[in-house]
Protein chains: 2
Amino acid sequence: MPKRATPSTIHDVAKAAGVSVATVSRVLNRPHRVRESTRRHVQAVIHSLNYRPNETARNLSTGRTLSISVAMPFMARDSFVERLRGIEATSSVNAYDLVMSNIESVVRRNSYYESLFDGRRFDGVVIATLRPSDEEAAQLANGAMPVVLLDTSHPLLSSVDCDDVEGGRLAAHHLIERGHRRLAFLGDTEFGFNFVSARERLSGFVEVLNDAGLALGSRDEWWIVHSSHAARTLLSPILDRPAAERPTAIFATSDLTALALLDGMERLGLKAPDDLAVIGYDDLHGARWKALTTIRQPLFQSGVSAIELLLSQMGGGNTSPQQTLLPLELIIREST
Amino acid sequence: MPKRATPSTIHDVAKAAGVSVATVSRVLNRPHRVRESTRRHVQAVIHSLNYRPNETARNLSTGRTLSISVAMPFMARDSFVERLRGIEATSSVNAYDLVMSNIESVVRRNSYYESLFDGRRFDGVVIATLRPSDEEAAQLANGAMPVVLLDTSHPLLSSVDCDDVEGGRLAAHHLIERGHRRLAFLGDTEFGFNFVSARERLSGFVEVLNDAGLALGSRDEWWIVHSSHAARTLLSPILDRPAAERPTAIFATSDLTALALLDGMERLGLKAPDDLAVIGYDDLHGARWKALTTIRQPLFQSGVSAIELLLSQMGGGNTSPQQTLLPLELIIREST
DNA sequence: GTGCGACATGTAACCGTTTACAATTTTAAC
DNA sequence: GTTAAAATTGTAAACGGTTACATGTCGCAC
């Protein structure tokens with residue numbers, strides 16, 4: 001079989017099979033609409049010509065693109081890969097292509113929003129971690145294309161997220177139950193794009209503390225750091241305080257910083273939870289090794305749910321904004 | 001401005017501007033081919049109608065799709081994100097869409113190869129980490145679509161890779177220079193998909209050892225483990241041996257396992273490099289914190305190069321297979 | 001004033017599908 | 001054997017662009 005210079009088209013098939021292109025198309029798309037014998041014959045010809053329908057032409061004709069745009073700042077969360085796996089698995093099962101965009105700068109963010117509506121390129125969009133401004137949200141909501149937010153939310157848009165406030169509560173309850181009374185909080189800034197989730201976790205945390213008659217006493221009991229390295233350097237000032245003023249437990253909004261903390265403690269010869277109890281967030285792989293107590297988010301599942309929600313909206317189902325909250329889970333290990 | 005039920009087309013623009021569609025198209029694609037005054041007028045109309053050319057139609061007409069398929073087993077290497085960032089940055093700069101596929105099973109791998117040639121969906125392909133079989137490679141090489149392999153290679157195909165053999169040599173030289181004479185090797189299986197790079201690193205490592213009159217004595221001096229956890233459990237058998245038979249340095253083909261090793265040593269109260277020197281591979285973030293000596297791969301750059309090579313082949317330049325080797329770098333820290 | 005090339009624009013075919021509608025054939029009830 | 005309904009197939013018009021080619025216009029040298 002000589003290599004064809006140009007792949008065969010539906011017309012080639014039609015001619016070779018002695019039928020019209022409409023019939024070939026039906027064999028492909030509505031097989032039961034064509035007589036059994038014809039169908040078999042056409043299928044044989046398709047096979048022998050190694051014919052594959054041109055997706056672009058098909059898309060133009062049907063008005064859909066079978067592709068979904070996913071925007072996320074790759075590094076913003078360590079949990080990135082797991083979410084992406086959920087997204088990818090679900091879209092590939094549903095025969096959708098996944099087009100990735102990495103949004104790591106304001107410039108890129110703007111150009112993304114700019115191009116998103118270009119030329120009907122996507123059937124739907126998932127925006128992960130990047131909380132849209134009110135204007136952006138309005139723009140997205142008014143667009144013709146369904147949008148689902150993941151790991152963030154906005155009143156105008158559908159979203160799949162975890163209840164960060166509840167996560168803060170879980171952490172607080174657990175620490176209080178363990179007998180801790182002087183607590184501290186360590187947030188991460190998520191690279192400046194999105195400050196919301198750390199703040200929400202803090203608010204849930206504080207809420208429970210207040211209900212228990214406790215408090216984050218002063219500005220000294222919470223910090224926001226940008227990196228694991230920064231988390232380490234915090235350790236000495238904390239531990240240098242007199243025992244009576246020293247927090248006995250710390251809630252870190254990311255396993256990364258929590259692990260850095262543990263690591264720093266190890267170097268100083270200190271042990272969790274006796275010298276300082278630590279609870280993290282996410283349940284990354286490292287958390288298990290280091291026996292870090294943490295709040296687990298259903299990362300993979302969140303990707304799955306985001307795509308499922310998107311597909312349902314694309315299918316024209318309930319098209320009004322729908323906020324999904326996924327449950328968190330407290331994983332108790334040795335660090336508390 | 002009322003929301004249009006249906007977006008405007010090139011015909012709407014042509015009519016509104018009182019010109020033909022050809023002229024509008026030229027304004028978009030070959031601006032210098034149209035009179036200055038016309039161009040300005042048409043551009044004004046385009047803007048006022050908020051017209052965006054339909055990409056699908058454009059693609060059908062021009063025969064390209066402006067999208068690139070990237071296949072990789074997401075988790076296979078910890079370096080995944082960095083490579084992907086390089087890939088994404090370069091393709092987005094060149095206005096190509098990046099379509100991700102996560103190949104984590106043989107089933108998925110087969111369906112990927114099956115669908116890759118469907119319907120001319122992509123202008124080019126990058127396959128990362130997954131070494132194709134000879135059949136697969138032949139199939140890819142015969143296809144109409146340019147292919148670049150990343151982090152692996154095959155004689156029939158273009159590739160961007162690091163010289164794993166050289167990486168093994170670098171590690172060996174360094175350890176020997178540091179005075180070590182009894183060495184050990186710790187490979188990772190990369191989840192069973194690809195066993196090649198660990199083996200190549202081993203061969204470079206052994207080569208230098210042999211040249212120096214040394215050897216990996218027996219099967220006892222090298223292991224292949226599947227996980228960081230497994231790496232830890234190796235530690236005791238190694239260290240339990242009599243001092244004269246105990247390796248004084250170990251080369252791990254992944255920073256992940258190297259870090260696990262360091263971690264296990266810490267727990268046992270041992271210190272690198274005195275009790276056991278450790279050298280890793282990749283230079284992940286964790287390597288810096290833990291002061292792990294390692295062989296750094298240019299991860300981001302490898303993604304960039306892969307796309308650049310792909311684009312050049314897509315551009316019809318040199319279309320014969322071209323193997324690129326990127327340089328490695330020995331990063332010396334405290335663990336050796 | 002004529003002729004000719006350069007430039008600007010329009011006409012219409014084409015890219016490869018899907019699908020509404022029309023035309024034809026089959027089926028089955030009488 | 002009729003006949004109406006159902007099933008099958010074909011015709012041709014979309015889908016929304018690009019572009020080869022034809023046509024028309026203009027400037028300028030003669």
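Proteins come first, then strands; the chains are lettered A, B, ... in the order of their sequence lines, and each starts at number 1.
Counting any heavy atom pair closer than 4.0 Å across all strands shown, B:R64 reaches no nucleic acid atom. Nucleic acid contact class of B:T38 (heavy atoms, under 4.0 Å, all strands): sugar-phosphate only. Across all strands, A:N29 comes closer than 4.0 Å only to sugar-phosphate atoms, never to a base (heavy-atom distances). Across all strands, B:R39 comes closer than 4.0 Å to no nucleic acid atom at all (heavy-atom distances). Within 4.0 Å (heavy atoms only), A:T23 reaches sugar-phosphate atoms of the nucleic acid but no base atom.
In this model, the phosphate group of C:dA8 is not approached by any side-chain N or O of B:R35 to a distance below 4.0 Å at OP1 or OP2. Here B:S61 does not reach the OP1 or OP2 of C:dC15: none of its side-chain N or O atoms lies under 4.0 Å away. Applying the 4.0 Å criterion to OP1 and OP2 of D:dT18, one finds that B:S25 has a side-chain N or O inside that range. Between B:R52 and D:dG16 there is no side-chain polar atom (N or O) within less than 4.0 angstrom of OP1 or OP2.
Checked by distance alone, A:R26 brings a side-chain donor or acceptor within 3.5 Å of a matching partner on the base of D:dG10. In the interface, the side chain of A:T9 is not paired with the base of C:dG16 through any donor and acceptor atom under 3.5 Å apart.
Computed from coordinates, the A:H11 NE2 to C:dC14 C1' distance equals 11 Å when rounded to whole Å.
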Before giving the answer on salt bridge (Lys or Arg N to Asp or Glu O under 4.0 Å), spell out for B:R83 and B:E88 the whole-Å C-alpha distance, their side-chain angles and the decisive distance to 0.1 Å. CA-CA 9 Å; B:R83 278 197 228 279; B:E88 201 275 348; over 6 Å; no
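Residues A:Q301 and A:S305 have side chains that bring a donor and an acceptor to within less than 3.5 angstrom of each other. B:Q323 and B:S158 share no side-chain donor-acceptor pair at under 3.5 Å.
Within the 3.5 Å criterion, the main-chain N or O of A:Q139 finds no donor-acceptor partner in the side chain of A:N142.
Note that OG of A:S8 is 5.0 Å distant from CG of A:L49, once rounded to the nearest 0.5 Å.
Annotation for B:H32: atom NE2 counts as buried by contact number, over 12 foreign heavy atoms lying within 6.0 Å.
A rotation axis mapping the C1' atoms of four pairs onto the next four is fitted at both ends of the helix from C:dG1-D:dC30 to C:dC30-D:dG1 over five pairs, and the angle between these axes is 50° to 10 degrees.
Of the two residues contacting DNA chain C, namely A:A57 and B:G18, the nearest-nucleotide position lying further toward the 5' end is that of B:G18. Comparing B:S37 and B:T62 by the nucleotide of DNA chain C whose heavy atom lies nearest to each, the residue mapping closer to the 5' end is B:S37.
Taking B:Y113 as the reference, nothing meets the ring-ring contact (aromatic ring centres under 6.0 Å, His included) condition, with sequence neighbours excluded.
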